[in-house]
Amino acid sequence: MYFSRENFMKLPKTYEPSQYEPGIYALWETSGSFKPSGQGEPYSIIMPPPNANGNLHVGHSLMAVLEDILVRFYRMKGRDTIYIPGADHAGFETWVVYERELQKQGKSRFDFSREQLYSQVWNFVDEQRGNMELQLRALGASASWNNLVFTLDEKVVNTAYATFKKLWDEGLIYRGERIVNYCTTHQTSFADIEVEHKNEKAKLYKIAYPTLDKIDEIVVATTRPETMLGDTAVAVNPNDERYKHLVGTRVQLPLVDREIPIVADDYVDAEYGTGAVKITPAHDPNDFEIGKRHNLGELQVIDFDGKMINVPPQYMGLTPEEARKKVLAALDAQELLRGETDIEHAVGHCYKCGSVIQPLVKDQWFISMRPLADAATEAIERGDVRFVPESKKKAVLQYYAGIHDWNLSRQIPWGIPIPAFQNTTDPSDWIFDDRVDQEQIEVNGKTYTREEDTFDTWFSSGQWPFITTDYLSTGELAKYYPINVMETGADILYQWVARMIMLGLKVTGQVPFKEVYLHGLVLDEHGQKMSKSKGNVINPMEAVSEFGSDALRMGLVAARSAGQNQAFSTSKVVAGRNFCNKLWNIARFVEDKLGDSYRMQPPMPESLADHWIARELSQASANIEQLLADYRFAEAAETVYHTVWSSVADWYVEASKKQDNHDMLAWVLDSVLRMAHPFAPFVTETIWQTLPWYEEGSLLIRENWPQPATFDELAAAEFERLQLFISEVRFVTSELPGNHKHEVQYHSDSLLADNAELIQHLARLKAVLYTEQPSGLRLAVSGREAWLAIDQKTLYEHQTNLEVRLSEAKQRQRTLTGRLDNESYIAKAPAELVEATKKEAEEVQQLIERLENELTVIGS
RNA sequence: GGGCGAUUAGCUCAUUUGGCUAGAGCGCUUCAUUGACGUUGAAGAGGUGAGAGGUUCGAAUCCUCUAUUGCCCACCA
């Protein structure tokens, strides 16, 4: 039996996580402990859905751990808590993987219908589904699995349709021919924020376009000479004196037999390049706009597969790169090149394959973002959403300020179909209809053909908070909307968080969450970004099996602050493992001491240590609560760590070996397990199962956060004085020559008299004795009536140590006196600070006197 | 081109309205040693807080500049 209540001491000295974790998780899950209690104020967190067919990476672990800490804590605080898990169909990501599979089979997407592809990918994902859910369980995520939502679940699809229709009806959806970001490798378009811009070196070529009479020429500058084949004009600034006479005339487009006009447009910067710009409306967003303004028409010369089309035969079917070389060579041959300049400019790349993004003209569905962004801006400025870290608030507002319309269309079968149909006889007539499984429908006697594109996955993900809580259908979980805190990665602030706020406001009239906590990336041990190609990826499941789930949790949370990319640290995971072992052994000690038949009684503090530990634990639990409210996870975990290790193990447990109080000991263990549970759920629950004072079936996960105990403040402070004294003895004896144990003699000191045995134990002394006339070294720092019994010779050898201490004290005294002599300080600093300085100055003065006195004794 | 962040102990990082002698984990030094724990205990060393200037009684913290570094945004051909 794992959870034997027989003598704990028979269990291994070392906590072995792998032996208990799966059983403990099963205990939680089968007991229904992850379900909301239905009582108390609702508290909800939604898990950002990990890829359904992938494995968890260490970033996911951080996410799950932070969320689970909050969920477990608020559950213990008595809130009606739910942690809703999710799984992502990961439209584009999964599609890329699947298309690779297809390629291996020598097939392509064009061999199948949308339905066929969809069901193939479904099966492909289904085979590998569940892995990540098991991994989340291994991390201890206390998620309500019954409420898991897959991003292609019916309710997600239906809500996406409904929202689309709502936006359509409000005139916020439009279909338009626009320049879109198109990856010719993946054959789909992207939203602006999905494009990765990289600064690249390039050449700016100057090309002469001759006037029709061949007498004059106009020189344009371009980085993409191949697109000249699709030029429909040359533009100049209307105020540019150099070209004024040419505006309205036509020039001969070299290489192709075509005349194009010279137009004037304010967009053109006369200072840049030659002041004349070739206009290719089909392949450049600015040119597209200029083309619209001047009715220039569009000539597409790069096809959606990335090959040249509509060009002279020698260029047909070439890639743009190949075409560029040929075009340049041809221009050179015709002596039309007028030089080249090295420049650096930003080039858009596909974030997945790195191909250069081609701006191409395509009919796509867009959302007008301005009204949505403005409403979101207003809500945020009103303070409806709190950002942690706060700097991200500014980032989101800036994003809203410069937002572009959102291209919703993706040419990927693995996604939610866009529910729109086009009149077969009137291409401008589009209607909304969700019968997307039919290629054609009849409405009012007219025939409509369906849109083949699917939604950008972020369109449905952006509605996640109200979908998962069934808010629109006022389901059972509707009370959990808005979500209390949206915890996610800072890297998807714009893609996800910003859009959830906009869509949440639009559809539900309120912000989808009250607080946002953003975590940074987990970098490798040396602060480098993890990537498969670098081979520096840390597998969280390996860490779990090597160190235990709790250890990974503690290690990930330590030394990490909101929004910062921070390195993974194995040494911190090791520290976490050691912490679990510490808890384990505290439990072994306490349970051994109390025996199997112990039944818990209300704790009554008796000794000074009892009062002190009661105060320590009360403070710690209050501190942790506040730190978690501020999302200061690392500090909260650190508080738990030090409370357990230092206060409980090093001081209280040690003290209890001489002054024991069974009820207090039981209460201390009990409290500390509760306190540590959100951070290290497995080991604390494992120990909980061995506690003899709870009935079989009691689960820590469902217990309350520890209540403060009553204690006497004066007694607690007395214990601190004792600690001070013990520390001094330890310090002084460590400086003395030889390794033998020493004896302390005290004179009139009731604190020492009452705790002699305890002091002897904690300071590793031979004896602590009352003496009429003590001799040896006065223990000057703690200022007690106590002496370390050492002979004259040892005392003499110790003299230099005392001198060092004296000089340190004098140094400190100078600092304090300097401060007090400063009139401005006295006048302007807060009174209590001045008071504290005075008090310390007095204490230092007394210490100096005692030390000087000691030195005089040695000298005599 | 614009914006944001980082720079603190050998390493990885904390330090929230400016105020105790700037902390933690790991590492390092010395010592201890067998019944809670060596995944241990005790003691200790180690920081001119990137650099310069300023504001202030007081600055790691606020301001200015510089350097190094990371990230995000960006349709000037």
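Heavy-atom basis, side chains included; hydrogens, waters and symmetry copies ignored. In the text below, chain A, chain B and the rest are named by the order of the sequence lines, each starting its count at 1.
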**Length of the CZ-P vector between Arg560(A) and A14(B), whole Å** = 9 Å

**Fill in**
Checking A77(B), C37(B), U16(B) against the side chain of Tyr267(A) (C-beta onward), the nearest is A77(B)

**For RNA chain B, stems built from three or more consecutive Watson-Crick or G-U wobble pairs below 3.5 Å** = B:1-7 with B:67-73, B:10-13 with B:23-26, B:28-32 with B:40-44, B:50-54 with B:62-66

**Message:** Quick check for you: to the nearest 0.5 Å, what is the distance between Glu525(A) atom CD and Lys572(A) atom NZ?
**Reply:** 10.0 Å

**Message:** For a quick check of understanding: with a heavy-atom distance under 4.0 Å over all strands, which category does Arg577(A) fall into, base, sugar-phosphate or nothing?
**Reply:** base

**Prompt:** Atom CD of Glu735(A) and atom C1' of A45(B): how far apart are they, to the nearest Å?
**Reply:** 13 Å

**Message:** If you only use heavy atoms from C-beta on, which nucleotide in C37(B), A43(B), U12(B) is closest to the side chain of Asn581(A)?
**Reply:** C37(B)

**Prompt:** What nucleotide, of U12(B), A43(B), U40(B), holds the atom closest to the side chain of Ser569(A)?
**Reply:** U12(B)

**Request:** Figure out the CG/P separation between Leu523(A) and U69(B), and round it to whole Å.
**Result:** 17 Å

**Request:** Determine whether more than 12 heavy atoms belonging to other residues, nucleotides or ligands lie under 6.0 Å from atom NZ of Lys657(A).
**Result:** yes

**Message:** Using a heavy-atom cut-off of 4.0 Å across all strands, would you classify Asp269(A) as base, sugar-phosphate, or nothing?
**Reply:** base

Scan nucleotides 29-32 of chain B against the protein and return all N/O pairs shorter than 3.5 Å with their distances rounded to 0.1 Å.
from	atom 1	to	atom 2	distance (Å)
C31(B)	O3'	Asn739(A)	ND2	3.3
A32(B)	OP1	Asn739(A)	ND2	2.8

**Request:** Report which part of the nucleic acid Ala649(A) touches: base, sugar-phosphate, or nothing (heavy-atom distance under 4.0 Å, all strands).
**Result:** base

**Request:** For Lys657(A), answer base if it contacts any base atom (sugar-phosphate contacts may also be present), sugar-phosphate if it contacts only those atoms, and nothing otherwise; contact means non-hydrogen atoms under 4.0 Å.
**Result:** base

**Request:** Just compare U12(B), C37(B), G19(B) and give me whichever is closest to any side-chain atom of Pro830(A).
**Result:** G19(B)

**Message:** Counting the atoms with a prime plus P, OP1 and OP2 as sugar-phosphate, which does Ala575(A) contact under 4.0 Å by heavy atoms, base, sugar-phosphate, or nothing?
**Reply:** sugar-phosphate

**Item:** Residue-phosphate contact under 4.0 Å: Lys839(A) side-chain N/O, C20(B) OP1/OP2
**Value:** no

Atom pairs, protein N/O to nucleotides 5-10 of chain B N/O, distance under 3.5 Å:
from	atom 1	to	atom 2	distance (Å)
G5(B)	O2'	Gln564(A)	OE1	2.9
G5(B)	O2'	Gln564(A)	NE2	3.4

**Prompt:** Thinking salt bridges, do Asp342(A) and Lys203(A) make one under a 4.0 Å N-O criterion?
**Reply:** yes

**Message:** At 4.0 Å (heavy atoms only), tell me whether Val653(A) reaches a base, stays on the sugar-phosphate, or touches nothing.
**Reply:** base

**Request:** Counting heavy atoms from C-beta on, name the nucleotide in C76(B), A36(B), G19(B) closest to the side chain of Phe589(A).
**Result:** A36(B)

**Prompt:** For A77(B), does either OP1 or OP2 sit under 4.0 Å from a side-chain N or O belonging to Tyr272(A)?
**Reply:** yes

Side-chain atoms of residues 387-405 of chain A: list all donor-acceptor pairs with protein atoms under 3.5 Å, sequence neighbours left out, distances to 0.1 Å.
from	atom 1	to	atom 2	distance (Å)
Tyr400(A)	OH	Ala498(A)	O	2.7
Asp405(A)	OD1	Met369(A)	N	3.1
Asp405(A)	OD2	Tyr174(A)	OH	2.7

**Proximal nucleotide (of A14(B), A77(B), G19(B)) relative to the Thr223(A) side chain** = A77(B)

**Asked** With sequence neighbours left out, what residues match Phe725(A) under ring-ring contact (aromatic ring centres under 6.0 Å, His included)?
**Response** none

**Asked** Which part of the nucleic acid does Val590(A) contact within heavy-atom distance under 4.0 Å: base, sugar-phosphate only, or nothing?
**Response** nothing

**Item:** Candidate nucleotides A42(B), G44(B), G19(B), ranked by approach to the side chain of Ala829(A) - the nearest
**Value:** G19(B)

**Item:** Whole angstrom value for the distance that separates C1' of G18(B) from CZ of Arg819(A)
**Value:** 13 Å

**Request:** Quick one: label Glu525(A) by what it contacts on the DNA or RNA (base, sugar-phosphate, nothing), any heavy atom closer than 4.0 Å.
**Result:** sugar-phosphate

**Request:** Please state how far atom NZ in Lys572(A) lies from atom P in A14(B), giving the value in whole angstrom units.
**Result:** 9 Å

**Asked** How is His345(A) classified with respect to the nucleic acid when contacts are heavy atoms under 4.0 Å: base, sugar-phosphate, or nothing?
**Response** sugar-phosphate

Expected rows: protein N/O vs nucleotides 70-73 of chain B N/O, under 3.5 Å:
none

**Asked** Ile343(A) has an atom CD1; how far is it from atom P of G1(B), in whole Å?
**Response** 13 Å

**Prompt:** To the side chain of Asp284(A), which of C26(B), A42(B), A77(B) is closest?
**Reply:** A77(B)

**Item:** Thr222(A) side chain near A77(B) phosphate (N/O to OP1/OP2, under 4.0 Å)
**Value:** no

**Message:** Once you apply a heavy-atom cut-off of 4.0 Å, does Ala836(A) come out as touching a base, just sugar-phosphate, or nothing?
**Reply:** nothing

**Message:** How many whole angstroms separate atom CD1 of Ile687(A) from atom P of A36(B)?
**Reply:** 16 Å

**Prompt:** For U40(B), does OP1 or OP2 lie under 4.0 Å from any side-chain N or O of Trp645(A)?
**Reply:** no

**Prompt:** So what does Lys394(A) hit on the nucleic acid, given a heavy-atom distance under 4.0 Å: a base, only sugar-phosphate, or nothing?
**Reply:** sugar-phosphate

**Item:** Sugar-phosphate, base or nothing in reach of Ser561(A), heavy atoms under 4.0 Å
**Value:** sugar-phosphate

**Request:** State whether the number of non-hydrogen atoms from other residues, nucleotides or ligands found under 6.0 Å of Glu344(A) atom CD is greater than 12.
**Result:** yes

**Asked** So, is Lys582(A) close to the G41(B) phosphate, meaning a side-chain N or O under 4.0 Å from OP1 or OP2?
**Response** yes

**Prompt:** Hey, does Lys13(A) reach any base, or is it just sugar-phosphate, or nothing, if we go heavy atoms under 4.0 Å?
**Reply:** sugar-phosphate

**Prompt:** Rounded to the nearest 0.5 Å, how far does NZ of Lys529(A) lie from CG of Leu521(A)?
**Reply:** 6.0 Å

**N or O in side chain of His642(A) less than 4.0 angstrom from G25(B) OP1/OP2** = yes

**Message:** Considering every strand and a 4.0 Å limit on heavy-atom distances, what is the contact class for Asp650(A): base, sugar-phosphate, or nothing?
**Reply:** sugar-phosphate

**Proximity of Tyr20(A) and Trp584(A) rings by center, below 6.0 Å** = yes

**Asked** Quick one: Gln528(A) CD to U69(B) C1', roughly how many Å, whole number?
**Response** 11 Å

**Message:** Angle between ring planes, Tyr517(A) versus Tyr631(A), binned at 30° and 60°: parallel, tilted or perpendicular?
**Reply:** tilted

**Message:** Using the rule given for salt bridge (Lys or Arg N to Asp or Glu O under 4.0 Å), can you reason through Arg242(A) versus Asp240(A), listing the C-alpha separation, both sets of side-chain angles and the distance that settles it, and then say yes or no?
**Reply:** CA-CA 5 Å; Arg242(A) 290 174 294 176; Asp240(A) 195 332; 2.8 Å; yes

